[in-house]
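Read the structure below first, then the notes.
Predicted, not measured: the structure shown is a model, and the values here were computed from it.
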Amino acid sequence: MSKLAVAVKRILVGRPQRSDRLSHSLLPKRIALPVFASDAMSSVAYAPEEIFLTLSLAGVAAYAISPWVGLAVVVVLLTVVTSYRQNVHAYPSGGGDYEVATVNLGRHAGLTVASALLVDYTLTVAVSISAAAANVGALVPLVAEHKVAFAVAAIVLLTAVNLRGIRESGVAFAVPTYAFMAGIGTMIVWGLTRIWLLGDDVRAPSADLELLAEGDAFTGLALALLVLRSFTQGCAALTGVEAISNGVPAFRKPKSRNAATTLALLGVISVSMFMGLIALAHLTGAKIAEAPAVQLPATASGYVQQTLVAQLAAAVFDHFRPGFYVVVVVTALILVLAANTAFNGFPVLGSILAQDRLLPRQLHTRGDRLAFSNGIVVLAAFAIILVIGFQAEVTRLIALYTVGVFTSFTLSQVGMLRHWRRHLASETDPIARQRMRRSQAINGFGAAMTGVVLVIVLITKFTRGAWIAIVAMGGFYLLMTAIHRHYTRVSAELDAADTDTVLPSRNHAIVLISTLHRPTLRALAYARATRPDVLEAVTVNVDDADTRKLVREWEKRKIPVPLKVVESPYREITKPVLDYVKRVRTRNPRDVVTVFVPEYVVGHWWEQVLHNQSALRIKARLLFQPGVMVVSVPWQLKSSERVLERTELGPGADRRGYPYAPRDDRPAAPSPSAPAVDGARRSGSRADAGQPRS
């Protein structure tokens with residue numbers, strides 16, 4: 001990388017960290033809570049709103065059902081939190097739902113859960129950022145007009161922060177998360193105090209608007225389906241709960257207990273804020289419509305519907321405007337940062353899947369900052385595609401959301417039932433068996449509850465976009481299956497037990513020649529030093545005058561290597577070389593052919609554009625020829641000395657801040673009058689050499 005590229009990377013990502021610093025990056029509970037639970041907590045900023053939006057289709061009278069819908073969501077939320085506390089104790093390795101399903105239900109169930117989680121994490125980023133754009137738009141009209149651009153910029157910024165490592169991102173996200181909890185909590189407590197204790201008439205800005213049902217009044221089955229759909233929309237409040245079970249390895253010891261405690265805190269805080277907002281919306285008369293232009297006829301044509309949180313903040317802090325700004329700002333900020341849950345969960349899951357040969361191995365390794373950098377970048381790319389494709393509309397994105405969430409919830413809880421049944425079969429201690437029975441009952445209730453919700457989600461949301469999530473899950477499933485099949489096939493081909501130990505009969509060496517200069521002579525010297533059975537130089541005739549000049553000089557220097565000229569009537573270089581190598585292999589199938597390719601090593605990226613193009617093309621084609629070995633013989637140009645000076649300071653010298661000063665004991669470059677064949681005496685470090693003429 002160039003100095004400029006390295007400098008930009010260091011500014012954005014920071015200096016590399018040693019592998020032994022990984023233990024110092026582990027998170028205490030006070031940091032783990034905002035890192036892993038920010039998504040679940042922040043979903044209260046849009047989950048209650050989605051309940052009211054859906055019920056608004058039946059008119060304002062349907063709002064009376066919202067507390068009961070909210071209570072149903074709370075029951076499911078507490079059930080899932082309690083169930084996952086069993087998961088983190090039983091499987092603390094960080095595989096979460098994927099590991100539980102794979103171990104207990106088999107590979108296909110594990111792949112299904114992994115596919116659901118990958119889709120879920122991607123949607124977490126898209127939904128959270130889109131909701132943040134909507135809240136910021138309540139304060140800044142420009143953002144409301146350019147939600148997509150704001151969302152994309154926020155994802156890019158969040159990616160850069162996460163690339164700096166989980167410890168730094170955790171500290172950066174702790175303050176806004178706790179500020180959001182304090183802001184929403186203060187608004188709920190102060191609002192209820194004003195209404196119930198002080199007797200103030202707290203009214204939302206939309207309280208006096210007339211809300212009409214969309215079309216005919218909903219009755220009977222239609223109303224029941226509408227209520228069920230509002231319930232599934234409200235179940236978005238459960239998203240992010242599974243992230244803690246996937247991120248157990250990031251906790252400080254004792255990992256399982258700290259993760260379980262964080263889950264309990266998450267449940268209590270989320271339920272309090274969720275029900276508090278629903279109660280406050282009822283008491284202030286807030287109205288929010290799915291189609292404001294149709295359902296709110298009294299509004300002006302330019303009416304911009306604010307989010308539910310913004311309306312409640314305006315009502316509660318009507319005499320204290322800074323309070324309104326604080327609540328809206330921290331809500332928007334937490335929604336941006338809530339995507340951090342996915343930025344922590346997706347890369348960890350991707351690393352586990354890569355280790356199991358289900359995703360590319362690049363996702364398994366950590367970057368300079370001990371974060372899974374490749375997974376972070378992949379997640380950001382998928383999320384940006386979703387935001388652009390759905391124009392950052394929260395309601396449209398949530399329709400895709402809960403399918404993957406409850407698929408992984410259900411299969412995980414069914415897997416836990418098998419886990420406890422297997423352990424109960426071998427456990428004899430009465431106290432341990434009683435504890436297992438209790439955990440089994442909790443997971444059994446969780447499986448039944450999440451299974452019912454999954455069925456409801458599929459019924460009410462399939463035609464509204466859930467099918468897209470199902471197709472995406474199927475795509476991930478097929479992709480991971482294909483990748484696993486590929487890695488398995490390659491592993492079988494590379495198995496050392498099946499290696500052919502028969503040595504080749506002879507080594508036929510070919511040195512590619514374009515011009516008789518020092519890089520060429522070095523390649524010849526190195527090829528002779530390997531002592532092949534047959535050694536010859538090959539040049540491609542693309543210009544008769546140049547070729548005759550090369551032959552005369554070759555004979556004049558009396559080089560002890562035969563020079564063969566390969567004709568190229570169409571002035572190609574690569575194909576004649578390939579054809580010649582194939583003929584050699586055809587005549588002697590048991591011989592190995594070694595092709596020596598001279599190359600230049602340059603110090604600037606733009607110099608690479610000017611050199612080595614023919615050599616790169618030839619090497620790329622020769623690599624696919626069986627029985628052919630390709631050897632690059634480098635020759636260092638002066639512009640590459642900067643790289644050489646840096647590497648002579650030792651591995652990682654540039655990362656430790658050493659200056660790029662040349663060493664005094666570095667051998668001087670050979671003068672033009674030095675002997676031509678000096679390659680064998682010079683250092684074997686990276687260098688350059690010439691390539692065939694183009």
Side-chain angles (χ1 to χ4, degrees), residues 26-41 43-44 73-105 113 117 120 235 237-274 341 344-345 348-349 405-406 408-424 427 431-451 453:
L26 299 180
L27 305 176
K29 292 191 292 295
R30 67 180 183 277
I31 302 297
L33 181 64
V35 167
F36 289 106
S38 57
D39 173 33
M41 287 191 295
S43 62
V44 301
V73 173
V74 165
V75 170
V76 178
L77 174 59
L78 293 178
T79 300
V80 170
V81 167
T82 307
S83 299
Y84 271 88
R85 282 172 56 86
Q86 319 308 313
N87 289 37
V88 297
H89 285 301
Y91 294 92
S93 60
D97 294 344
Y98 164 69
E99 183 179 3
V100 172
T102 302
V103 171
N104 298 288
L105 302 178
V113 169
L117 287 174
D120 176 34
C235 282
L238 278 74
T239 56
V241 173
E242 77 286 349
I244 292 179
S245 66
N246 293 329
V248 176
F251 283 79
R252 285 184 179 174
K253 296 181 179 179
K255 296 178 182 292
S256 297
R257 189 169 67 188
N258 287 338
T261 302
T262 305
L263 264 170
L265 290 172
L266 161 67
V268 172
I269 296 171
S270 295
V271 167
S272 301
M273 291 193 294
F274 181 78
T341 301
N344 282 280
V348 172
L349 177 61
V405 175
F406 281 95
S408 59
F409 283 172
T410 304
L411 289 176
S412 172
Q413 298 312 303
V414 173
M416 287 301 296
L417 287 176
R418 283 201 173 184
H419 168 84
W420 296 124
R421 185 171 63 184
R422 187 174 66 251
H423 283 268
L424 282 168
E427 183 60 57
I431 298 178
R433 287 180 63 85
Q434 183 179 6
R435 186 169 58 250
M436 290 181 183
R437 290 286 188 191
R438 183 175 64 250
S439 297
Q440 187 181 41
I442 293 172
N443 289 127
F445 184 74
M449 183 69 70
T450 55
V453 176

Derivation and outcome, side-chain contact (heavy atoms from CB on, under 4.5 Å), residues M416 and I442: CA-CA 10 Å; M416 287 301 296; I442 293 172; over 6 Å; no
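- Between V100 and H419 there is no side-chain heavy-atom pair separated by less than 4.5 Å.
- Between the CG atom of L266 and the CG atom of L77 there is a distance of 7.0 Å, given to the nearest 0.5 Å.
- Rounded to the nearest 0.5 Å, atoms CZ (R435) and CD (E427) are 8.0 Å apart.
- T410 and G451 get closest at one heavy-atom pair: OG1-N, 3.5 Å.
- Rounded to the nearest 0.5 Å, atoms OG1 (T79) and CZ (F409) are 11.0 Å apart.
- Remark: the backbone N or O of V405 is paired with a side-chain donor or acceptor of S408 at under 3.5 angstrom.
- Checking S412 against N87 by side-chain atom types alone, a donor-acceptor pair falls below 3.5 Å.
- Closest approach of S83 to G446, counting heavy atoms only: OG-CA, 3.7 Å.
- Residues R421 and R418 have side chains in contact (heavy-atom distance under 4.5 Å, counting atoms from C-beta outward).
- Annotation for V414 and L105: closest pair CG1-CD2, 4.0 Å, computed over non-hydrogen atoms.
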N104 and Y91: CA distance, side-chain angles, deciding distance, side-chain contact (heavy atoms from CB on, under 4.5 Å) verdict: CA-CA 12 Å; N104 298 288; Y91 294 92; 2.9 Å; yes
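- To the nearest 0.5 angstrom, Q413 atom CD is 11.5 Å from F406 atom CZ.
- R422 CZ: more than 12 foreign heavy atoms inside a 6.0 Å radius.
- Taking both residues in full, the closest heavy atoms of S439 and Q86 are given as OG-OE1, 2.9 Å, listed atom of the first, atom of the second, then distance.
- Applying side chain to side chain contact (heavy atoms under 4.5 Å, CB included) to L78 and the options V75, V74, V81 leaves one that passes, V74.
- Summarising the geometry of V113 relative to Y98, their closest heavy-atom pair is CG1-N, 3.6 Å, with the distance given to 0.1 Å.
- Interatomic distance, CG of N258 versus CG of L263, reported as 11.5 Å (0.5 Å rounding).
- H89 NE2 to R85 CZ: the interatomic distance, rounded to the nearest 0.5 Å, is 5.5 Å.
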